[in-house]
Amino acid sequence: MHDFIRNLTWRGMIHDITPDLEAHLKKGMMSGYIGFDPTASSLHVGNLATIMLLKHFQLAGHKPIAVVGGATGMIGDPSFKAAERKFLSEEELSYNQSYIMKQLARFLDFSSGANSAELLNNIDWFQSMSFLKFLREVGKHVSVNYMMAKESVKRRLEDGISFTEFSYQLMQGYDFYYLYTSRGVRLQMGGADQWGNLTTGIELIRRKASEEAFALTTPLITKADGSKFGKSEQGNIWLDPTMTSPYEFYQFWLNCTDEDAIRLIKVFTLLDREVIEALIQAHAREPHQRILQKEIAKELTIRVHSEADYMQAAKTSELLFGRATPADLWSLGEKDFKIIFKSIPEIEISQADLNTMEHVIDLVASTGAGIMFNSKAEVRRAIQEGSLYVNKEKVTDPYQKPDFRLLQDKYLLVQRGKKHHYLIKVI
RNA sequence: GGGGGGAUGCCAGAGCGGCCAAAUGGGGCGGACUGUAAAUCCGUUGUCGUCAGACUUCGAAGGUUCGAAUCCUUCUCUCCCCA
């Protein structure tokens, strides 16, 4: 059983914390929760950082509760948002909820006895609450002045905020209060942007129950160059394998800069301090081995996806980026081939269509549209730049006939530069 | 209510009758160097075209002109100042 606060401090995962939390944690098992609004049908790597808070919390012997915001998701959190957001439809929300709950369930231990994790949905306690009851039970206890003083809504008070979004902090505050009264939860955690919402809950508990509650936030993860973390060219890195393939996911971590990797390994892996420090040293000795990146990529791919997905992603990376030659590509057995290329994008084309293609450029422009190329001109450029490969052989003439030999009698491996690949399947 | 700006490519921002598919910076992409890092450097960045060139872009619609992102009219949206 580790010391929760000390552990997080070392990992650089504490942004802000209410003063007496540490002392309270020492008294014995606490329950703590984090809320996740179902704004998308999958969590992304940014959410993973807060999930890690729950994970460490549980490993330290405390009881973690993940709350899906079925109700709060209907309102929309205005914290640090520049503008009012559009509502998600109820169908979307319930669709999203079910997926997010499934994902959250992967990360925590639900059968560890007293500190088993719990998964709740705040729609369960908000659904039956009437507007009048809410005003009398919740609204009465928090002054508008207090709510407006929050840094998180300051900008919106100037630019405009609807009553609905402004009420968000009361809902989140009530969640905390509800969890306190129904199961003794005294700690709420979250990202740094949530501080304002967390303290509203603490305030509500203090006023209504005259009890002390606590908050802890984790810093927003950014990249060393200041750009947003968790995005690739394609967009967000999601935890859902159908939205971000395990291979892309693996590659995302593998491509972290050294500077980022040193911070990320502490936040995203569960390795002990001694192990991590040793890895950092080893990495400093031979940075080209990218020990840290590999370790992060491995541990996370396994945790978020599976051991098999990790093996596959590593193998695929090896083949696509290693010193693999065209010959290696040809020598792959069908089974290996399928495993290795499982998670790179695949486009189908009929044999008949392929036969009508006069030039490679047409083939690549039509199949790669929206995947790697936006126009024929872009393909032409790629060929001029010498960055287009088919089956690992460089394409030099845009107008050569696309009569390539097919891999496994049905595939063509198209490559743009070093990092971008897709497969054309002839059917 | 009165007065004055502005709307340009992914973003920022020049251009203010022809030399403008539109400077410059950022971003993106590719390459070199490496380690599938970082930094740096080089190339590229509307579409179509086997590269000659053609076509569509500068808030929207009209107009002036041999010729408009650039001038005029109307409209839409924005920002600032005074009240």
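Residue numbers start from 1 in every chain, and the chains themselves are labelled A, B, ... in the order their sequence lines are given, proteins ahead of strands.
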[M] and [N], which share atom name [atom1], separated by this distance in whole Å:
{"N": "rU70(B)", "M": "rG63(B)", "atom1": "P", "value": "15 Å"}
{"N": "rC16(B)", "M": "rC71(B)", "atom1": "P", "value": "10 Å"}
{"N": "rU74(B)", "M": "rG9(B)", "atom1": "P", "value": "25 Å"}
{"N": "rG26(B)", "M": "rG13(B)", "atom1": "C1'", "value": "11 Å"}
{"N": "rC11(B)", "M": "rC19(B)", "atom1": "C1'", "value": "28 Å"}
{"N": "rA60(B)", "M": "rC80(B)", "atom1": "P", "value": "24 Å"}
{"N": "rG49(B)", "M": "rA12(B)", "atom1": "C1'", "value": "32 Å"}
{"N": "rG25(B)", "M": "rG43(B)", "atom1": "P", "value": "11 Å"}

Parallel, tilted or perpendicular: ring planes of H359(A) versus Y399(A), cut at 30 and 60 degrees: perpendicular
Which label fits F249(A) and W253(A): parallel for a plane angle under 30°, tilted from 30 to 60°, or perpendicular past 60°? perpendicular
rG43(B) base / E385(A) side chain donor-acceptor hit below 3.5 Å: yes
Test for a donor-acceptor pair under 3.5 Å between the base of rU44(B) and the side chain of Q384(A), counting only N and O atoms. no
Rounded to the nearest 0.5 angstrom, the CG-CD1 distance for L388(A) and I383(A) is 5.0 Å
Nearest to the [X] side chain among [options], which nucleotide is it?
{"X": "R290(A)", "options": "rU36(B), rG31(B), rC48(B)", "result": "rU36(B)"}
{"X": "S375(A)", "options": "rG31(B), rA37(B), rC48(B)", "result": "rC48(B)"}
{"X": "S317(A)", "options": "rU45(B), rU36(B), rC51(B)", "result": "rU36(B)"}
{"X": "F321(A)", "options": "rU36(B), rG35(B), rC29(B)", "result": "rU36(B)"}
{"X": "K376(A)", "options": "rG43(B), rG35(B), rC48(B)", "result": "rC48(B)"}
{"X": "K419(A)", "options": "rU47(B), rU36(B), rG35(B)", "result": "rU36(B)"}

[X] [atom1] - [N] [atom2] separation (whole Å):
{"X": "I383(A)", "N": "rC51(B)", "atom1": "CD1", "atom2": "C1'", "result": "14 Å"}
{"X": "E259(A)", "N": "rG35(B)", "atom1": "CD", "atom2": "C1'", "result": "16 Å"}
{"X": "R380(A)", "N": "rU47(B)", "atom1": "CZ", "atom2": "P", "result": "10 Å"}
{"X": "I344(A)", "N": "rU36(B)", "atom1": "CD1", "atom2": "P", "result": "19 Å"}
{"X": "D397(A)", "N": "rC51(B)", "atom1": "CG", "atom2": "P", "result": "13 Å"}
{"X": "L292(A)", "N": "rG35(B)", "atom1": "CG", "atom2": "P", "result": "17 Å"}
{"X": "Y399(A)", "N": "rU50(B)", "atom1": "OH", "atom2": "P", "result": "4 Å"}
{"X": "E378(A)", "N": "rC10(B)", "atom1": "CD", "atom2": "C1'", "result": "13 Å"}

Let's test this: given Watson-Crick or G-U wobble pairing with both distances under 3.5 Å, identify the partner of [N].
{"N": "rG25(B)", "value": "rC11(B)"}
{"N": "rU40(B)", "value": "rA32(B)"}
{"N": "rG1(B)", "value": "rC82(B)"}
{"N": "rC77(B)", "value": "rG6(B)"}

Within the pair [X] and [N], is there a side-chain N or O less than 4.0 Å away from OP1 or OP2?
{"X": "K418(A)", "N": "rG30(B)", "answer": "no"}
{"X": "R416(A)", "N": "rC29(B)", "answer": "no"}
{"X": "H283(A)", "N": "rA37(B)", "answer": "no"}

Taking 4.0 angstrom as the limit, do R381(A) and E385(A) come out as a salt bridge? no
By the 4.0 Å heavy-atom rule, please label Q289(A) as base, sugar-phosphate, or nothing. nothing
Check the side chains of D175(A) and Q172(A) for a donor-acceptor pair under 3.5 angstrom, ignoring hydrogens and angles. no
Any luck finding a side-chain donor-acceptor pair between N197(A) and Q188(A) under 3.5 Å? no
Residue whose nearest RNA chain B nucleotide is more 5′ - R381(A) or Q293(A): Q293(A)
Do you know which two heavy atoms are closest between I202(A) and F214(A), and how far apart they sit? CD1-C, 3.7 Å
